[in-house]
Amino acid sequence: AAPTAAPTTAPTTAPTAAPTAAPTSAPTDGTAPPVTAPTGGGDWVEVYKDDFESDQGLFMGTNKRFEPISFPDGNWSLRIRRISQLKTSWIDIRDYSQLSFKFWMYATGMEVGDNFFFNVRFNGETAFTPVDEWVSGTDFSNREWLQQAMTIGVPAGKRKIQLQFKGDSDKGNDRVYIDQVLLEGNPN
(Lines give C-alpha, C1' and ligand atoms only; values in the text may rest on other atoms or scores of the structure.)
Protein backbone atom coordinates (compact mmCIF):
# COMPACT_ATOMS: atom_id res chain seq x y z
CA ALA A 1 0.00 0.00 0.00
CA ALA A 2 1.12 3.51 -0.72
CA PRO A 3 2.23 5.56 2.25
CA THR A 4 -0.28 8.11 3.39
CA ALA A 5 0.71 11.68 4.06
CA ALA A 6 0.41 13.01 7.56
CA PRO A 7 -2.71 15.11 8.06
CA THR A 8 -2.14 18.82 7.70
CA THR A 9 -3.92 21.54 9.58
CA ALA A 10 -5.31 24.56 7.87
CA PRO A 11 -2.98 27.55 8.10
CA THR A 12 -3.90 30.13 10.70
CA THR A 13 -3.39 33.80 10.36
CA ALA A 14 -0.78 35.22 12.72
CA PRO A 15 -2.36 37.66 15.13
CA THR A 16 -1.50 41.27 14.48
CA ALA A 17 -0.68 43.27 17.53
CA ALA A 18 -1.71 46.88 17.84
CA PRO A 19 1.20 49.29 17.64
CA THR A 20 2.67 50.14 21.00
CA ALA A 21 3.82 53.54 22.14
CA ALA A 22 7.50 54.23 22.42
CA PRO A 23 8.85 53.96 25.97
CA THR A 24 8.91 57.18 27.93
CA SER A 25 12.13 56.49 29.78
CA ALA A 26 15.23 58.12 28.42
CA PRO A 27 18.27 56.17 27.39
CA THR A 28 20.76 55.81 30.20
CA ASP A 29 23.77 55.53 27.92
CA GLY A 30 24.25 59.28 27.48
CA THR A 31 22.53 59.55 24.09
CA ALA A 32 20.36 62.53 23.31
CA PRO A 33 16.70 62.46 24.35
CA PRO A 34 14.02 61.96 21.72
CA VAL A 35 12.44 65.11 20.36
CA THR A 36 8.69 65.11 20.92
CA ALA A 37 6.30 67.70 19.54
CA PRO A 38 3.84 69.19 22.00
CA THR A 39 0.30 67.86 21.89
CA GLY A 40 -2.65 69.89 20.73
CA GLY A 41 -1.48 71.03 17.28
CA GLY A 42 -0.99 74.64 16.31
CA ASP A 43 2.12 76.74 16.10
CA TRP A 44 4.10 76.34 19.31
CA VAL A 45 6.45 79.09 20.46
CA GLU A 46 9.26 78.68 22.97
CA VAL A 47 8.41 80.65 26.12
CA TYR A 48 11.15 79.44 28.48
CA LYS A 49 13.92 76.87 28.16
CA ASP A 50 16.77 76.08 30.55
CA ASP A 51 19.44 73.44 31.15
CA PHE A 52 20.68 75.13 34.37
CA GLU A 53 24.32 75.05 33.30
CA SER A 54 24.90 78.74 34.04
CA ASP A 55 22.38 79.45 36.83
CA GLN A 56 18.92 78.58 38.22
CA GLY A 57 17.13 80.46 35.47
CA LEU A 58 13.64 81.60 36.50
CA PHE A 59 13.56 79.24 39.51
CA MET A 60 13.91 81.23 42.74
CA GLY A 61 15.64 80.44 46.02
CA THR A 62 19.06 79.35 47.14
CA ASN A 63 20.69 75.94 47.39
CA LYS A 64 18.61 74.56 44.49
CA ARG A 65 21.24 73.93 41.78
CA PHE A 66 23.45 70.83 42.03
CA GLU A 67 26.10 68.91 40.15
CA PRO A 68 27.11 66.36 38.79
CA ILE A 69 23.66 65.06 37.80
CA SER A 70 22.56 66.44 34.43
CA PHE A 71 20.86 65.17 31.27
CA PRO A 72 21.90 64.58 28.50
CA ASP A 73 25.19 66.36 29.02
CA GLY A 74 26.56 69.12 31.18
CA ASN A 75 26.96 69.13 34.94
CA TRP A 76 24.04 70.93 36.57
CA SER A 77 20.38 70.38 37.40
CA LEU A 78 17.90 71.60 40.01
CA ARG A 79 16.95 69.48 43.02
CA ILE A 80 13.90 68.87 45.18
CA ARG A 81 14.62 67.23 48.55
CA ARG A 82 11.98 65.88 50.98
CA ILE A 83 9.26 68.55 51.04
CA SER A 84 11.20 71.38 49.39
CA GLN A 85 9.95 73.23 46.36
CA LEU A 86 11.22 74.80 43.16
CA LYS A 87 9.17 77.82 42.10
CA THR A 88 9.64 80.18 39.17
CA SER A 89 9.20 83.91 39.07
CA TRP A 90 6.16 85.07 37.09
CA ILE A 91 6.29 84.17 33.38
CA ASP A 92 4.42 86.26 30.78
CA ILE A 93 1.91 84.07 28.88
CA ARG A 94 -0.56 86.73 27.68
CA ASP A 95 -0.27 85.61 24.03
CA TYR A 96 -1.08 81.93 24.63
CA SER A 97 -4.25 79.91 25.12
CA GLN A 98 -2.43 76.65 25.82
CA LEU A 99 0.99 75.73 27.24
CA SER A 100 3.15 72.64 26.87
CA PHE A 101 5.64 71.90 29.66
CA LYS A 102 8.35 69.25 29.45
CA PHE A 103 11.23 68.32 31.70
CA TRP A 104 13.61 65.48 32.49
CA MET A 105 13.71 63.97 35.98
CA TYR A 106 16.07 61.69 37.88
CA ALA A 107 15.32 60.37 41.40
CA THR A 108 17.57 58.98 44.13
CA GLY A 109 16.61 57.58 47.53
CA MET A 110 12.86 57.73 46.83
CA GLU A 111 11.07 54.88 48.58
CA VAL A 112 7.98 53.29 47.03
CA GLY A 113 5.10 55.70 47.61
CA ASP A 114 7.27 58.84 47.89
CA ASN A 115 6.07 61.43 45.41
CA PHE A 116 6.37 64.94 44.05
CA PHE A 117 4.00 67.34 42.34
CA PHE A 118 3.95 69.86 39.53
CA ASN A 119 1.65 72.81 40.25
CA VAL A 120 0.81 76.10 38.58
CA ARG A 121 -0.60 79.45 39.68
CA PHE A 122 -1.98 82.15 37.37
CA ASN A 123 -2.06 85.88 38.08
CA GLY A 124 -4.81 86.73 40.57
CA GLU A 125 -4.63 83.33 42.32
CA THR A 126 -3.20 82.85 45.80
CA ALA A 127 -2.93 79.04 45.80
CA PHE A 128 -1.15 76.68 43.43
CA THR A 129 -3.29 74.20 41.46
CA PRO A 130 -1.99 70.62 41.03
CA VAL A 131 -1.32 69.65 37.41
CA ASP A 132 0.41 66.28 37.84
CA GLU A 133 1.91 63.96 40.46
CA TRP A 134 4.57 61.26 40.15
CA VAL A 135 4.84 58.38 42.64
CA SER A 136 7.96 56.27 43.16
CA GLY A 137 7.39 52.62 42.29
CA THR A 138 4.40 53.50 40.07
CA ASP A 139 5.46 56.35 37.80
CA PHE A 140 9.25 56.22 38.12
CA SER A 141 12.16 54.31 39.62
CA ASN A 142 15.35 55.60 41.17
CA ARG A 143 18.41 56.20 39.00
CA GLU A 144 16.75 56.51 35.60
CA TRP A 145 16.12 59.60 33.51
CA LEU A 146 12.51 60.07 32.40
CA GLN A 147 10.94 62.81 30.34
CA GLN A 148 7.61 64.15 31.57
CA ALA A 149 5.25 66.27 29.46
CA MET A 150 1.91 67.92 30.00
CA THR A 151 -0.43 70.44 28.42
CA ILE A 152 -1.89 73.29 30.47
CA GLY A 153 -4.93 75.29 29.38
CA VAL A 154 -4.66 79.02 30.04
CA PRO A 155 -7.91 80.41 31.51
CA ALA A 156 -9.37 83.47 29.79
CA GLY A 157 -7.89 86.74 31.02
CA LYS A 158 -4.77 85.20 32.58
CA ARG A 159 -1.49 86.88 31.62
CA LYS A 160 1.14 85.32 33.92
CA ILE A 161 1.96 81.91 35.35
CA GLN A 162 4.24 80.50 38.06
CA LEU A 163 5.49 76.91 37.88
CA GLN A 164 6.18 74.88 41.01
CA PHE A 165 7.73 71.48 41.71
CA LYS A 166 6.98 70.32 45.27
CA GLY A 167 8.37 67.30 47.05
CA ASP A 168 6.26 65.09 49.34
CA SER A 169 8.60 62.55 50.88
CA ASP A 170 9.85 61.80 54.38
CA LYS A 171 13.65 61.42 54.38
CA GLY A 172 16.59 63.72 53.69
CA ASN A 173 17.99 61.35 51.06
CA ASP A 174 14.75 61.56 48.99
CA ARG A 175 15.80 63.62 45.97
CA VAL A 176 14.46 64.44 42.52
CA TYR A 177 16.65 66.26 40.01
CA ILE A 178 15.02 68.38 37.31
CA ASP A 179 16.75 69.27 34.04
CA GLN A 180 16.09 70.44 30.48
CA VAL A 181 12.84 72.31 31.17
CA LEU A 182 10.88 73.57 28.18
CA LEU A 183 7.74 75.72 28.31
CA GLU A 184 6.05 76.37 24.96
CA GLY A 185 2.94 78.37 24.16
CA ASN A 186 0.25 77.90 21.54
CA PRO A 187 -0.79 81.40 20.36
CA ASN A 188 -4.34 82.63 20.81
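This structure is a prediction, so every number in the text was calculated from the model and none was measured.
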Give the minimum heavy-atom separation between W90 and N123, together with the two atoms involved.
-> CZ3-N, 3.5 Å
Would you name the heavy atoms of P187 and V45 that are closest together and state the gap between them?
-> CG-CG2, 4.1 Å
With a 4.5 Å heavy-atom cut-off, do I178 and W104 have their side chains touching?
-> no
Given side chains that start at C-beta, do those of N119 and V131 come closer than 4.5 Å, heavy atoms only?
-> no
Between D179 and Y177, a side-chain donor and acceptor under 3.5 Å = no
Begin from the C-alpha positions of L99 and L183 and carry the test side chain to side chain contact (heavy atoms under 4.5 Å, CB included) through to its verdict.
-> CA-CA 7 Å; L99 301 170; L183 179 67; 4.0 Å; yes
Can you name the nearest heavy-atom pair linking E46 to L182, along with the distance?
-> CG-CD1, 4.0 Å
Looking at OH of Y48 and CD1 of I93, how far apart are the two atoms once the value is rounded to the nearest 0.5 Å?
-> 15.5 Å
Side-chain contact test, heavy atoms from C-beta onward, threshold under 4.5 Å: evaluate it for Q148 versus D132 and give yes or no.
-> no
What about I91 and F128, same hydrophobic cluster or not, with Ile/Leu/Val/Met/Phe/Trp/Tyr joined at side-chain heavy-atom distances under 4.5 Å?
-> no
What's the shortest heavy-atom distance between A107 and F140, and which atoms?
-> CB-CE1, 3.5 Å
Quick one: are Y96 and N186 in side-chain contact, heavy atoms under 4.5 Å?
-> no
Does F118 have its ring centroid less than 6.0 Å away from the ring centroid of F101?
-> yes
How long is the gap from CE on M110 to CZ on R175, to the nearest 0.5 Å?
-> 11.5 Å
Taking the side chain as every heavy atom from C-beta outward, state whether Q180 and M105 have any atom pair closer than 4.5 Å.
-> no
Do K87 and Q162 come close enough that some side-chain heavy atom pair is under 4.5 Å?
-> yes
State, yes or no, whether a side-chain contact exists between M150 and K102 at a heavy-atom distance under 4.5 Å.
-> no
Show your reasoning for whether side chain to side chain contact (heavy atoms under 4.5 Å, CB included) applies to L78 and Q56.
-> CA-CA 7 Å; L78 301 185; Q56 290 181 187; 3.9 Å; yes
With rounding to the nearest 0.5 Å, note down the distance linking CH2 in W145 to OG in S77.
-> 5.0 Å
If you look at every heavy atom in R79 and L86, which pair is closest and at what distance?
-> O-CD2, 3.8 Å
Which value, rounded to the nearest 0.5 Å, describes the distance between T151 atom OG1 and E184 atom CD?
-> 10.0 Å
Chi angles and distances behind the side chain to side chain contact (heavy atoms under 4.5 Å, CB included) call for T129, F122 | CA-CA 9 Å; T129 301; F122 294 96; over 6 Å; no
Between OG1 of T88 and CG of L163, what distance do you get to the nearest 0.5 Å?
-> 4.0 Å
So which of Y106, F116, F165 actually passes ring-ring contact (aromatic ring centres under 6.0 Å, His included) with W134?
-> F116
Polar contact flag, side-chain donor to acceptor under 3.5 angstrom, E133-N115 | yes
Any link between I161 and L58 through a network of hydrophobic side chains (Ile, Leu, Val, Met, Phe, Trp, Tyr) touching at under 4.5 Å?
-> yes
Closest heavy-atom contact between D92 and R159?
-> OD1-O, 3.3 Å
Side-chain contact, heavy-atom cut-off 4.5 Å: I152 with V120?
-> yes
